[in-house]
2 protein chains.
Amino acid sequence: MTSEQLATFIHTNPVVVRRTIAGLRDAGIVTSSRGHGGGWQLGRAPEEISLAEISAALGETLLPFSTEPESPGCLVEQAVIAALDDFRVEAERLLAERLSRITLADLAADFHRRYELIGVTSHAV
Amino acid sequence: MTSEQLATFIHTNPVVVRRTIAGLRDAGIVTSSRGHGGGWQLGRAPEEISLAEISAALGETLLPFSTEPESPGCLVEQAVIAALDDFRVEAERLLAERLSRITLADLAADFHRRYELIGVTSHAV
DNA sequence: ACACTTGTAACTAAGTGAGTTACATGAAGC
DNA sequence: GCTTCATGTAACTCACTTAGTTACAAGTGT
């Protein structure tokens, strides 16, 4: 698909699509080609693409915590960060582990299930 | 302590402090009193105040995900949200459980440990 | 050549959140 | 009662972030 088509689907601008997916391209999750018949393709099978990988490629953070101090030398801040850091490391490991089990293929299957459901319902009504 | 004092400590504005801590007050974690000798106090013992409670009182989200659809009717979005939702519920439960085990008393103890360390180091050098 | 696509820089607009000012309200001390 | 000091809160400004847009260079197939 082209950026134009993708942008139409999600109601946004082709440039925004290109800018956003750039991370996925750099990670090898998708590939792009220019010129006639160009556009975007999956870099490998949907079964091999996990949400954890997508999240990382897009530079998303799994937890809304900052790890660097705003006031170096503040002992209170250091204590808070230290306490949260143990927590953060474990939490991120857990979240990544869970997200790595969800693949694009899972999402596609769920999408088709919903699509069939809509189709049947619409037809029945 | 007064908002003025707290604001000085964290290098910000008294109004910002009051605005921020309002959530803690509403949750009963701290109490405030006006007028002469007024200010802020802990609502109960530091051992009884967990980071989970503070986080919730401040309206912080544990995960940077949105649960409401931006394009109702979009099956792709529905599939993604559904997949993430199972994940989100479990993750939030896990995170809250971990955070509920860290109390203000823990942070205070860690702070004092660091304080002694600095003191000894400074004295030795 | 030409049409079509990505890659990217540069600018604009909208939204968010800290910071600030101003003032009303309440409480302690004289 | 009056003064002083504190919180409570509305309203505004400013900085920052991010989506959106325009423009154009560069690569590719017909």
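Proteins get letters first, then strands, A, B, ... in listed order; numbering begins at 1 in each.
The distance from atom CD of E70(A) to atom P of dG17(C) is 15 Å, rounded to the nearest whole Å. We find that CD of E4(A) is positioned 11 Å from C1' of dC4(C), with the value rounded to whole Å. The CD1 atom of I21(B) sits 15 Å away from the C1' atom of dT9(D) (whole-angstrom rounding). Distance CZ (R25(A)) to P (dT5(C)): 17 Å, rounded to an integer number of Å. Distance NE2 (H11(B)) to P (dG19(C)): 12 Å, rounded to an integer number of Å. Atom C1' of nucleotide dT6(C) and atom CG of D26(A) are separated by 13 Å, given to the nearest angstrom. Between the CH2 atom of W40(A) and the P atom of dT6(C) there is a distance of 7 Å, rounded to whole Å. dT12(C) atom C1' lies 13 Å from atom CG of N13(A), rounded to whole Å.
Residue T12(A) has its side chain nearest to dG20(D) when only dA18(C), dA3(C), dG20(D) are considered. Among dG19(C), dT6(C), dA23(D), the nucleotide with an atom closest to any side-chain atom of R34(A) is dT6(C). The T2(B) side chain lies nearest to dT7(D) when the options are dA19(D), dT7(D), dT6(C). With dT21(C), dG20(D), dT6(C) as the candidates, the nucleotide lying closest to the side chain of R19(A) is dG20(D). In the set dT7(D), dT8(C), dA3(C), dA3(C) carries the atom at the smallest distance from any side-chain atom of H36(A). Each of dA10(D), dG19(C), dG20(D) was ranked by its minimum atom distance to the side chain of V16(B); first place goes to dG19(C). When each of dA6(D), dT6(C), dG8(D) is scored by its nearest atom to the side-chain atoms of R18(B), the top-ranked nucleotide is dG8(D). For S32(A), counting side-chain heavy atoms from C-beta on, the closest listed nucleotide (dT7(D), dT6(C), dA10(C)) is dT6(C). For S3(A), the listed nucleotide lying nearest its side chain is dT6(C); candidates were dT9(D), dT6(C), dG8(D).
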> Does the salt bridge (charged side-chain N to carboxylate O under 4.0 Å, His left out) test come out yes or no for R18(B) and E4(B), once each step is laid out?
Replying inline: CA-CA 9 Å; R18(B) 288 200 281 271; E4(B) 188 78 36; over 6 Å; no
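Rounding to the nearest 0.5 angstrom, the gap separating the CG atom in L95(A) from the CD atom in E92(A) is 7.5 Å.
Residue G37(A) is classed as having no contact, given no heavy-atom separation below 4.0 Å to the nucleic acid.
Side-chain N/O atoms of W40(B) and T2(B) include no donor and acceptor closer than 3.5 Å.
Residue G35(B) is the one, among G35(A) and G35(B), whose nearest nucleotide of DNA chain D lies closer to the 5' end (criterion: closest heavy atom).
Side-chain contact between Q78(B) and F111(A): absent, with no pair of heavy atoms (C-beta onward) separated by less than 4.5 Å.
Formation of a donor-acceptor pair under 3.5 Å by the E77(A) side chain with backbone atoms of S71(A) is found in this model.
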